[in-house]
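In this chain, numbering begins with 1 at the start of the sequence shown. Atoms within a ligand are numbered from 1 in the order they appear, just like the ligands themselves.
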Amino acid sequence: MERSQRLRIAVQKSGRLTDHSLDLLARCGLKFSRGKDQLMCYGENMPLDVLFVRDDDIPDLVQEDVCDLGLVGLNVIEEKRLAMAARGTQARFELIQRLDFGRCRLSLAVPDEFRYEGLRSLAGRRIATTYPNTLARFLRENSIEAEIVTLSGAVEIAPRLGRADLICDLVSTGSTLNANHLREVTTVLESEAALIRTPVPLPDEKADWVRRLLMRIDGVQQVRESKYIMLHAPRSALPEIKKLLPGSESPTVIPLDGSGEKVAVHAVCRENVFWETLESLKAAGASAVLVLPVEKMLA
Ligand code: PRP
Ligand code: ZN
């Protein structure tokens, strides 16, 4: 009963995506408290609860309709899809939207002493990974015959243990590879976080909350880079100044009291505004330039 009224979203329990996922939900206005080791958080001001699980379990939880939504990396989504396809079934979760965080790549990495001379160096080698299906597709597409050693974790130590010649694993900052004397040689898959949903149709009220959440996520993503910029300029400099404002639609131009030729220009810039831009604006005749962060935006 309770279940059917409230949305449930699955989020990575502890890992690269956890903090960003919770931050995104908080920016969408969700208030919740999370105790240590708590499996679930109740949203206090929205009918939305957060379930903390291993990221690899998220696609299943969503396609089995245990959760309505899931925040997970494309790497996990793609591996799941391919694993199911290999068994002759089709993934049933739906990808709704890519999100602009959790960027990383699935890459091949070799030990320092490995002599890598292009993909042909992989022939006949053992490659350790937790992404056997994605790796298999890559090998197939590149006509490489190699052995895939499927592990459930700690892939980076497989070469040292003699279980593999190289690895295929996620890289984001590269510090895991560095710490294990491994060198990235080629990218297999680019990834970032995404939102997936259950294949089961949602009752109206839940569907409405999903729509609202998506709109807010959109707003959050737009706002991240956006700035509100205000400046004074002679009217004659306007064409030049409009050209310099990064990613802004038609700015607002307001006459300044008492000074015939000078105007104030206000614009929302959908890209970050760098010092170089401010310097160019000044050179074009702008003065009293102010750049402000944008907190919320609803198109
Ligand atoms: C990945 C990967 C590495 C680490 C790489 O783990 O397995 O351990 O991130 O990041 P780095 O380049 O910044 O060092 P992930 O967070 O996806 O957790 P999981 O594999 O345990 O699910
Ligand atoms: Zn994982």
Side-chain angles (χ1 to χ4, degrees), residues 9-25 34 36-40 50-64 66-67 69-86 91 93 95 98-112 114 116 126-139 148-161 163-196:
I9 183 167
V11 162
Q12 187 181 29
K13 186 167 53 185
S14 64
R16 285 175 310 107
L17 301 182
T18 311
D19 288 349
H20 281 112
S21 301
L22 295 179
D23 180 61
L24 177 66
L25 293 174
R34 185 188 183 196
K36 279 245 174 320
D37 301 328
Q38 220 178 282
L39 217 69
M40 180 118 135
V50 184
L51 192 72
F52 295 96
V53 293
R54 284 188 46 216
D55 64 345
D56 316 65
D57 293 335
I58 294 177
D60 273 338
L61 288 168
V62 172
Q63 69 182 349
E64 283 157 19
V66 177
C67 294
L69 300 170
L71 272 172
V72 68
L74 289 172
N75 51 303
V76 171
I77 294 174
E78 195 57 16
E79 177 65 20
K80 187 74 198 177
R81 269 204 184 127
L82 293 171
M84 292 184 73
F93 52 82
L95 178 65
R98 289 162 173 250
L99 303 167
D100 65 354
F101 67 91
R103 220 154 268 140
C104 64
R105 55 209 179 268
L106 185 65
S107 286
L108 292 173
V110 300
D112 284 347
F114 190 107
Y116 182 79
R126 295 165 304 155
I127 311 175
T129 191
T130 55
Y131 296 85
N133 293 283
T134 313
L135 174 58
R137 179 180 60 183
F138 175 83
L139 295 176
I148 297 174
V149 180
T150 304
L151 303 178
S152 58
V155 166
E156 61 276 7
I157 60 170
R160 254 184 300 153
L161 296 177
R163 298 187 70 183
D165 303 303
L166 67 150
I167 68 167
C168 173
D169 200 10
L170 282 191
V171 185
S172 83
T173 60
S175 64
T176 304
L177 291 188
N178 253 328
N180 289 281
H181 305 283
L182 295 162
R183 160 168 57 94
E184 192 177 356
V185 291
T186 226
T187 303
V188 171
L189 182 82
E190 302 271 2
S191 177
E192 63 191 341
L195 188 67
I196 55 174

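Taking a heavy-atom cut-off of under 4.0 Å, ligand 1 is surrounded by Q12, R16, D55, D169, L170, V171, S172, T173, G174, S175, T176.
Smallest separation of non-hydrogen atoms from V72 and D55: CG2-O, 3.7 Å. Pairing each heavy atom of A158 with each of L151, the nearest pair is CB-CD1, 3.9 Å.
The number of protein N, O or S atoms lying under 2.8 Å from the Zn ion (ligand 2) is 2.
V188 pairs with exactly one of N75, T134, D169, T129 by the side-chain contact (heavy atoms from CB on, under 4.5 Å) rule, that one being T134.
Put simply, the side chain of R160 never gets that close to the backbone of H181: no donor and acceptor are under 3.5 Å apart. The closest donor-acceptor contact from the side chain of E156 to the backbone of N180 lies at 3.5 Å or more, if one exists at all. A donor-acceptor pair under 3.5 Å is absent between the side-chain atoms of D23 and the main chain of D19, judged by distance alone.
A salt bridge links E192 with R103: the closest approach of a Lys/Arg side-chain nitrogen to an acidic carboxylate oxygen falls below 4.0 angstrom.
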(request) Evaluate the salt bridge (charged side-chain N to carboxylate O under 4.0 Å, His left out) criterion for residues D60 and K80: first the C-alpha distance (whole Å), next the side-chain angles of each, then the deciding distance (0.1 Å), finally the verdict. (result) CA-CA 9 Å; D60 273 338; K80 187 74 198 177; 2.9 Å; yes

(request) Output, in order, the C-alpha distance, side-chain angles, deciding distance and verdict of side-chain contact (heavy atoms from CB on, under 4.5 Å) for Y131 and L82. (result) CA-CA 10 Å; Y131 296 85; L82 293 171; over 6 Å; no

